[in-house]
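These notes are about the structure you will find just below.
All figures in this text were calculated on a predicted structure; none of them were measured in a lab. In what follows, chains carry the letters A, B, and so on, assigned in the order in which the sequence lines appear, proteins first and then strands, with residues in each chain numbered from 1.
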Amino acid sequence: MIKNIIKKKILSSYNSLSKNIELKIEDIDISQPKQILHGDYATNLCMKFSSSIKLNPMTFAEELSKKIINDHGEFFNNVDFVKPGFINFKVKESVLNDCLLKIYKNKNIYGSGDKKKKKILVEFVSANPTGLLHLGHLRNAAVGDSLSRILRFYGYDVQSEYYINDFGNQIKNLGESLKIRIKNINGESLKISEDGYHGEYLIDVANQFINNKKNYKLDDEDVLQDFAKDYLLAEIKKDLNQININFDNWFSEKDCIHSNGNLDKALELLRKLDLLYEKDGALWIKTSQHGDVDDWVLVKSDKNPTYFLSDIAYHLDKISRGFDRIINIWGADHHSHVTRLTSSIKGINDEDSLKLEFVMIQFVRLLKNGLDISMSKRSGQYTTIRDLLSLVDKDVIRFMMVSRSSDTHFDFDLDNCLKDSDENPVFYIQYANARINSILKKGCSIDLNDIETVFLEDIKELSLIKKIIDFEYVIEDSAKNLSPHKLAFYLQDLAKDFHSYYKTTKILNNEINETKIKLILISTIKSVLSTGLGLLGVSSPEEM
RNA sequence: GCGCCACUAGCUCAGCUGGAUAGAGCAACGGACUUCUAAUCCGUAGGUCGGGGGUUCGAAUCCCUCGUGGCGUACCA
């Protein structure tokens, strides 16, 4: 809002200088200086365009800044030009106050973007239904869900989707492993094969199977597979639900790809485009023609399709559903699949390949007492989400998992998260929210509806208003860069500024008008905090 | 070998679509509770942005190169 207003003012002043180059509003960048003495906002316009305008940056900045302050004195307190050619803006206090009041009156929707009329599909987690979700899936889940929420809030029509790999070798192995567990319970001493599933959870599944399927026989593979898959999928949903994640779509590979003839359709399409060839009895795709270093097998010499063929068919299905953008959130261990898939789609339709976007999630390690406990010693399996939930609050888990850039490795330190103090940023933010709530409750008899103007001039209050104004840009930044961690950092900043303000300023005091205005300020902060936390899937308790 | 990601304060990390004196939290040190929640605040200290080159008015940011670590590199999924 405010940045756009500034851009327009710069542009109108620039235009009246009649230079040889025409500037567009997109050419103007507004940044926020780190140093307070540089003002509230700044632009590098004069350095950026000095050469094309054929003026020394400082001369240009001097001319333009003088013109701006002359034209728009009602908006700016001050417009400075400084070396090496920045123009710094100090916005009038009344402008900031007007912003605050406007935001307060729209606080329920503040920060949300205009409707974009674009559909986005965000696919994430998509763990095989052959076991419980573990640490490796957790960061993916948190990032995917937060991102979906942020993009939706920013104005996109977003659908979240979980792709269920319920077809192929893994499921076959699952069924066989279950069979052995059932036989074990019945007294047969058999061992699960090396590529089977050794986790103890299958013992539970086996017991359930025995109880639910009276007179069962173990010769029907499908029955065993389906039972195990359905059981584990239900457990996965349960765990996701625990951390506040609910998918819009659950997409079954078996039902929506294999049973629908989508594999053949994909092959037919690829064949028509001359992207296939046979070698050594297998069917290959010419991905190397469209950016990959290698070609890949789609149908093995034993005539079974590879996973990659299903993946292509799946993405063709996504595309056919009319999404403008298709975002895949994948573990970094799958990064080699990115080129493979985009090359395939590029071969089919280059424009479609542009719709594919990827967020790669680097590994998380779980630390306790400085030691890596990602892998449970007892079972040799990764720590499950369920195990983690028994140790750490779900809000802390959700927040911590999006508190770092996705493409950096992340050590999740349990010791810090178990403390209810400074080291735990989630409590810090929630505490700010709770503190505000406490004041609002105490002052609930005060009517704020009759306030028509606010006038705050304390430096802390003004910088809080600016911080609130930032929220809109943080959402934009997070959405455009697919980076929920930017929001996480912002919320910590805002909470910090509030705590500091709280310490030095009495909100409820004898001066009723002043109290009202301060209440408007903190109530807006509370609203931003809880909106922001909500976008990260974190709750905002009213009391702590 | 090749590819992807990372390397910034003691630790964990922001900043990377080039901008002003490189930031935050924790840890360390020193302060603040007759106060709307001290789960808080204020202050001090802490840096060769992995090394080296280049690009330009300007590089943590872009390019090249080397090093270190993680992850990939299937007719598995």
| When the P atoms of C62(B) and A20(B) are considered, how many whole Å apart are they? | 15 Å

Review item, nucleotides 11-13 of chain B N/O atoms under 3.5 Å of protein N/O:
from: U12(B); atom 1: O2'; to: Arg404(A); atom 2: NH2; distance (Å): 3.0
from: C13(B); atom 1: OP1; to: His409(A); atom 2: O; distance (Å): 3.0
from: C13(B); atom 1: OP1; to: Asp411(A); atom 2: N; distance (Å): 3.4

| message | Distance check, P atoms only: C26(B) and C42(B), in whole angstrom units. | response | 11 Å

| remark: Pairs under 3.5 Å (Watson-Crick or G-U), crossing ones as [ ], inter-strand ones as |: RNA chain B comes out as (((((((..((((.....[...)))).(((((.......))))).....(((((..]....))))))))))))....

| task | Determine the sole option in Asp230(A), Asp166(A), Asp222(A), Asp226(A) for which the salt bridge (Lys or Arg N to Asp or Glu O under 4.0 Å) test with Lys254(A) is passed. | result | Asp226(A)

| request: Would you indicate, yes or no, if C41(B) has its OP1 or OP2 atom less than 4.0 angstrom from a side-chain nitrogen or oxygen of Tyr428(A)? | output: yes

Tabulate protein N/O versus nucleotide N/O from nucleotides 74-77 of chain B, keeping only pairs under 3.5 Å, one per line.
from: C75(B); atom 1: O2; to: Ser301(A); atom 2: N; distance (Å): 2.6
from: C75(B); atom 1: O2; to: Ser301(A); atom 2: OG; distance (Å): 2.9
from: C75(B); atom 1: N3; to: Ser301(A); atom 2: OG; distance (Å): 3.3
from: C75(B); atom 1: N4; to: Asp280(A); atom 2: O; distance (Å): 2.9
from: C76(B); atom 1: OP2; to: Lys300(A); atom 2: NZ; distance (Å): 2.7
from: A77(B); atom 1: OP2; to: Tyr307(A); atom 2: N; distance (Å): 2.9
from: A77(B); atom 1: O4'; to: Gln170(A); atom 2: NE2; distance (Å): 3.1
from: A77(B); atom 1: O2'; to: Asn128(A); atom 2: ND2; distance (Å): 3.1
from: A77(B); atom 1: N6; to: His337(A); atom 2: NE2; distance (Å): 2.6

| request: Residues of residues 495-503 of chain A with any non-hydrogen atom less than 4.0 angstrom from an atom of RNA chain B: list those, numerically ordered, please. | output: Lys496(A), His499(A), Ser500(A), Tyr502(A), Lys503(A)

| Which part of the nucleic acid, if any, lies within contact of Asn88(A), taking any heavy atom under 4.0 Å across all strands shown: a base, the sugar-phosphate backbone alone, or nothing? | base

| Pairwise salt bridge (Lys or Arg N to Asp or Glu O under 4.0 Å) hits with a residue in residues 49-64 of chain A, at least two apart | Lys19(A)-Glu63(A), Glu62(A)-Lys66(A)

| said: Would you say Lys34(A) places a side-chain N or O within less than 4.0 Å of OP1 or OP2 belonging to A20(B)? | reply: yes

| query | C49(B) and U8(B): how far apart are their C1' atoms, nearest whole angstrom? | reply | 4 Å

| task | Before accepting this row, confirm whether a basic side-chain N of the pair Lys179(A)/Glu221(A) lies closer than 4.0 Å to the acidic partner's carboxylate O. | result | no

| task | Output, in order, the C-alpha distance, side-chain angles, deciding distance and verdict of side chain to side chain donor-acceptor pair (under 3.5 Å) for His409(A) and Arg404(A). | result | CA-CA 9 Å; His409(A) 299 261; Arg404(A) 301 282 184 270; over 6 Å; no

| request: Could you walk me through whether Gln170(A) and Tyr197(A) pass the side chain to side chain donor-acceptor pair (under 3.5 Å) test, one step at a time? | output: CA-CA 9 Å; Gln170(A) 309 288 342; Tyr197(A) 292 91; 2.5 Å; yes

| Where along residues 510-524 of chain A does a heavy atom come under 4.0 Å from RNA chain B, residue by residue in number order? | none

